[in-house]
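Structure first, commentary second.
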Protein chains: 2
Amino acid sequence: MRTVANTSSRTLRLLSLLQARRHWPGGELADRLGVSPRTLRRDVDRLRELGYPVDATSGPDGGYRLAAGASLPPLALDDEEAVALAVALQGAASGSEGADGADGAAEPALRALAKVVQVMPPRLRRRVEALSAASVRAPWAAAAGPDPAVLLTVAQACRDAERLALAYTAADGARTERSVEPHGLVRLGRRWYVVVWDLGRGDWRTLRVDRVRDAAARGGRFRPRELPGPDAAAVVERSIRTAPALHAVTAVLHCSADEARSRLGGWAHVEPLAAQDDGGPPPQRCRLLMSTEDLDWAAFALVRARCDVSDVEPAALREHLATWVSRLSPP
Amino acid sequence: MRTVANTSSRTLRLLSLLQARRHWPGGELADRLGVSPRTLRRDVDRLRELGYPVDATSGPDGGYRLAAGASLPPLALDDEEAVALAVALQGAASGSEGADGADGAAEPALRALAKVVQVMPPRLRRRVEALSAASVRAPWAAAAGPDPAVLLTVAQACRDAERLALAYTAADGARTERSVEPHGLVRLGRRWYVVVWDLGRGDWRTLRVDRVRDAAARGGRFRPRELPGPDAAAVVERSIRTAPALHAVTAVLHCSADEARSRLGGWAHVEPLAAQDDGGPPPQRCRLLMSTEDLDWAAFALVRARCDVSDVEPAALREHLATWVSRLSPP
DNA sequence: CGATCGCGGACGAGAAGTGACCGCAACCCC
DNA sequence: GGGGTTGCGGTCACTTCTCGTCCGCGATCG
């Protein structure tokens with residue numbers, strides 16, 4: 001077992017043990033830590049003083065358990081959990097969610113990911129890479145997000161003020177190798193941007209992270225310069241001229257609003273339509289409202305509703321549907 | 001600041017600091033911890049003895065940094081990071097990935113999630129719930145996975161051997177309230193199953209987690225019984241009679257294999273087809289191969305390829321496409 | 001070369017941690 | 001209801017660790 005007989009080490013180990021299993025008999029804990037039960041009680045007290053609420057129950061089958069406290073204790077994860085965590089965070093950070101807003105969690109996810117990989121042993125890092133390479137990316141998300149590895153490298157370099165060498169493909173397709181000082185990472189809409197001081201050009205630039213390749217920290221640290229704006233987000237906002245074209249989609253679905261909602265799963269707004277006043281039993285109708293950047297998604301949502309559709313707007317989506325029909329029609 | 005002047009508390013804080021930023025000058029660290037530089041060095045030593053490799057560089061611009069070690073140190077996350085982490089793990093655990101296998105990470109993700117929420121302060125837990133409720137579920141995933149909250153409750157109860165009260169909707173639609181002893185959680189294909197001892201019936205049952213509602217730990221712990229099989233996975237496997245019908249989809253895409261791959265993003269297998277020997281310049285063709293449970297996905301993949309499609313198999317998918325066409329055709 | 005920073009030994013005052021007691025209270029099973 | 005199990009916390013004496021202040025050494029950068 002471990003040879004460290006330190007008090008703080010033992011406290012840390014106790015914390016891990018309490019996280020690994022919910023319920024521990026006191027005797028077993030004392031045994032594992034190699035101390036007397038009395039000292040274990042003192043250790044538990046110490047944890048409580050540190051703010052981690054440890055519940056205890058007496059009687060046979062009694063023991064200790066770690067409860068939810070005021071602050072988050074350090075998480076002791078095993079290898080598999082850490083790998084799963086890194087993969088999940090990669091997905092969340094570079095993910096294709098947040099079309100309608102609703103997740104402000106991408107940036108904290110990225111920070112957490114940076115913390116994890118910084119201390120992750122190389123063998124685990126390899127497993128993460130293998131797994132995230134093997135994990136299938138659904139077709140609708142294939143071109144959506146940036147490479148998680150690049151995103152992470154950039155985020156770390158920003159946090160640690162380290163110079164970065166990277167290859168950038170500009171909007172016109174020109175590829176350049178650049179050496180930059182990254183100052184801030186900003187998520188705008190569905191894209192990540194990084195504000196950098198371009199060492200070759202001696203000026204500020206805003207780069208789209210999904211156009212960056214082969215980012216690598218060059219080791220050297222730099223002293224942050226003053227940004228040409230109040231913060232990185234403002235710089236990006238200003239440098240974005242062409243906002244991504246959002247399509248406001250509406251359509252009438254020939255089913256009840258509840259049915260449509262259950263099939264679309266909150267991805268689109270659905271509101272019931274008043275029955276038409278034509279005498280007969282009014283057919284169920286509802287109106288679908290969504291806004292998206294990708295007409296394929298909109299079209300897919302329409303089909304997913306599993307009912308007839310009419311009054312589709314905008315015209316571009318109607319054309320899109322016509323293309324689908326012509327492609328899918330049997331020759 | 002903090003009033004705890006304890007040594008172990010300080011060691012923990014030092015660990016957090018080292019995780020929060022990559023590079024720290026020793027003086028600043030000593031300052032923040034409120035100790036002399038000499039004591040800081042001793043603290044760093046302590047961390048090293050605990051197995052955390054702390055690199056140090058001397059000279060001006062020197063300082064400490066936490067390197068990757070042999071094992072993963074406890075992660076010190078702040079509130080936002082913890083919330084992002086929980087949301088990401090929920091997605092990974094209940095997620096709709098893994099259709100083709102390729103992610104064995106769901107189960108460790110669930111374990112990690114259980115650890116996190118167990119110690120998560122209530123205010124953070126509320127934020128996680130709010131965020132995951134607000135986060136849009138794409139239509140193709142709406143009905144796919146089980147409720148993450150239920151999944152988590154079940155996983156915790158399995159781990160901690162706690163009795164569970166739940167409402168179950170059987171395959172025939174009958175709803176029953178049950179009290180069970182959960183013994184194992186198994187992911188098979190895309191579904192989660194839980195092997196339980198049903199207290200009301202006095203027998204083993206295999207429940208589909210996506211059919212469980214209102215799962216709540218009833219507090220009481222139980223002594224695990226011997227499973228009616230070598231392990232939980234075997235029990236589930238045996239109790240599954242009707243395997244989910246997988247559709248083996250093939251089609252010919254009228255574009256190059258590379259184009260198709262880049263558009264489908266590895267979600268389907270694509271292989272080039274030999275040019276036909278008809279004299280003229282051979283058009284680019286490739287064959288698409290995929291297996292899915294949901295024909296909507298398959299159809300969507302076909303459109304997503306952005307080219308003409310022919311020789312679609314199976315017949316069910318052709319019918320599916322015909323339905324799409326009729327629905328989408330302008331009236 | 002000198003300034004800056006990390007390294008680590010020595011020392012002494014003070015503060016802990018530790019185990020072995022003890023009696024007490026809660027809880028479960030018989 | 002009683003007995004066994006388990007956690008709680010006080011006390012005491014002994015040991016150990018912690019901490020700040022010295023000091024000289026070596027590495028690194030400008």
Side-chain angles (χ1 to χ4, degrees), chain A residues 3-15 17-18 21-50 52-67 161-163 218-223, chain B residues 2-14 17-18 21-50 52-67 161-163 218-223:
Chain A
T3 58
V4 238
N6 212 329
T7 308
S8 29
S9 134
R10 206 182 50 234
T11 309
L12 234 57
R13 270 200 291 156
L14 175 57
L15 196 53
L17 287 178
L18 285 175
R21 211 205 286 174
R22 178 118 84 174
H23 182 264
W24 286 92
E28 193 173 343
L29 281 178
D31 225 37
R32 289 224 186 193
L33 299 174
V35 293
S36 71
R38 182 66 185 91
T39 300
L40 171 75
R41 279 194 298 254
R42 279 194 270 248
D43 282 356
V44 170
D45 268 354
R46 218 189 317 275
L47 278 186
R48 292 200 182 113
E49 272 171 22
L50 290 182
Y52 308 130
V54 184
D55 286 355
T57 52
S58 39
D61 230 47
Y64 297 88
R65 84 168 40 189
L66 191 55
E162 287 188 331
R163 293 212 178 81
R218 273 285 160 264
R221 285 202 309 286
F222 63 88
R223 211 161 301 279
Chain B
R2 305 211 190 181
T3 57
V4 240
N6 212 329
T7 308
S8 29
S9 136
R10 206 184 49 237
T11 310
L12 240 54
R13 270 200 291 158
L14 175 58
L17 288 178
L18 285 175
R21 210 206 286 175
R22 179 121 79 175
H23 182 265
W24 286 93
E28 193 173 343
L29 280 178
D31 224 35
R32 290 224 186 193
L33 298 175
V35 294
S36 72
R38 182 66 186 91
T39 301
L40 171 75
R41 282 199 295 272
R42 278 194 271 246
D43 282 355
V44 170
D45 268 354
R46 220 190 316 273
L47 278 186
R48 290 203 183 108
E49 273 171 22
L50 291 181
Y52 309 132
V54 183
D55 285 356
T57 53
S58 37
D61 229 46
Y64 297 89
R65 85 167 41 189
L66 192 55
E162 288 188 331
R163 293 213 177 82
R218 274 283 161 267
R221 285 202 307 287
F222 63 89
R223 210 163 301 281

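The sequence lines fix the lettering, A, B, ..., with proteins before strands; numbering per chain opens at 1. Values reported hereafter were calculated over all heavy atoms of this structure, with side chains retained and with hydrogens, waters and symmetry mates removed.
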[X] [atom1] - [N] [atom2] separation (whole Å):
{"X": "A:L33", "N": "C:dG19", "atom1": "CG", "atom2": "C1'", "answer": "15 Å"}
{"X": "B:L14", "N": "D:dT18", "atom1": "CG", "atom2": "P", "answer": "14 Å"}
{"X": "A:L50", "N": "C:dA16", "atom1": "CG", "atom2": "P", "answer": "14 Å"}
{"X": "B:L40", "N": "C:dG8", "atom1": "CG", "atom2": "P", "answer": "13 Å"}
{"X": "A:Y64", "N": "D:dT6", "atom1": "OH", "atom2": "C1'", "answer": "9 Å"}
{"X": "A:W24", "N": "D:dT5", "atom1": "CH2", "atom2": "P", "answer": "22 Å"}
{"X": "B:R48", "N": "C:dG6", "atom1": "CZ", "atom2": "P", "answer": "11 Å"}
{"X": "A:L29", "N": "D:dG7", "atom1": "CG", "atom2": "P", "answer": "9 Å"}

If you take all heavy atoms of [X] and [Y], which pair is closest and at what distance?
{"X": "A:T57", "Y": "A:H23", "value": "OG1-NE2, 4.5 Å"}
{"X": "B:R32", "Y": "B:R13", "value": "O-NH1, 3.9 Å"}
{"X": "A:L40", "Y": "A:G26", "value": "CD2-O, 3.2 Å"}

5'-most by nearest nucleotide on DNA chain C - A:S36 or A:T57 =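 Closer to the 5' end of DNA chain C: A:S36.
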request  = Assign each of B:G26 and B:R42 to its nearest nucleotide of DNA chain C by heavy atoms, then name whichever residue's nucleotide is nearer the 5' end.
outcome  = B:G26
Report the distance from atom [atom1] of [X] to atom [atom2] of [Y], rounding to the nearest 0.5 Å.
{"X": "B:W24", "Y": "B:L66", "atom1": "CH2", "atom2": "CG", "result": "12.5 Å"}
{"X": "A:R46", "Y": "A:L14", "atom1": "CZ", "atom2": "CG", "result": "9.5 Å"}
{"X": "B:R41", "Y": "B:Y64", "atom1": "CZ", "atom2": "OH", "result": "6.0 Å"}

query = Which is true for A:P37 with a 4.0 Å heavy-atom rule: it touches a base, it touches only sugar-phosphate, or it touches nothing?
reply =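 Contact class for A:P37: none.
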Closest to the [X] side chain: [options]?
{"X": "B:R46", "options": "D:dT18, C:dG17, D:dG20", "result": "D:dT18"}
{"X": "A:R10", "options": "C:dG17, C:dG8, D:dG9", "result": "C:dG17"}
{"X": "B:D45", "options": "C:dG8, C:dG19, C:dC7", "result": "C:dG8"}

side-chain N/O A:T39 vs C:dG19 OP1/OP2, d < 4.0 Å = yes
note = Quick tally for nucleotides 24-30 of chain D: nucleotides whose base has a protein heavy atom under 4.0 Å get B, sugar-phosphate-only ones S, the rest -, giving --BBBS-
Which residue lies more 5' along DNA chain D, comparing B:D43 with A:P25 via nearest heavy atoms =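 The residue closer to the strand's 5' end, by nearest nucleotide, is A:P25.
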key: Sole candidate of B:L12, B:L47, B:T11 that passes side chain to side chain contact (heavy atoms under 4.5 Å, CB included) when paired with A:S8   =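 Testing each of B:L12, B:L47, B:T11 against A:S8, the sole residue satisfying side chain to side chain contact (heavy atoms under 4.5 Å, CB included) is B:T11.
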ask   = Under a 4.0 Å N-O cut-off, is there an ion pair linking A:D45 with A:R48?
value = yes
inquiry  = Let's go through A:V54 and A:L18 carefully: what are the C-alpha distance in whole Å and the side-chain angles of both, what is the deciding distance for side chain to side chain contact (heavy atoms under 4.5 Å, CB included) to 0.1 Å, and is it a yes or a no?
reply    = CA-CA 9 Å; A:V54 184; A:L18 285 175; 4.2 Å; yes
ask   = Would you say B:L29 and B:V44 make side-chain contact, with heavy atoms under 4.5 Å?
value = no
query = Just how large is the angle between the end axes of the helix from C:dC1-D:dG30 to C:dC30-D:dG1, five pairs per end, to 10 degrees?
reply = 60°
task = Ignoring hydrogens and angles, answer whether the base of D:dG7 and the side-chain atoms of A:R38 contain a donor-acceptor pair closer than 3.5 Å.
result =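 There is none.
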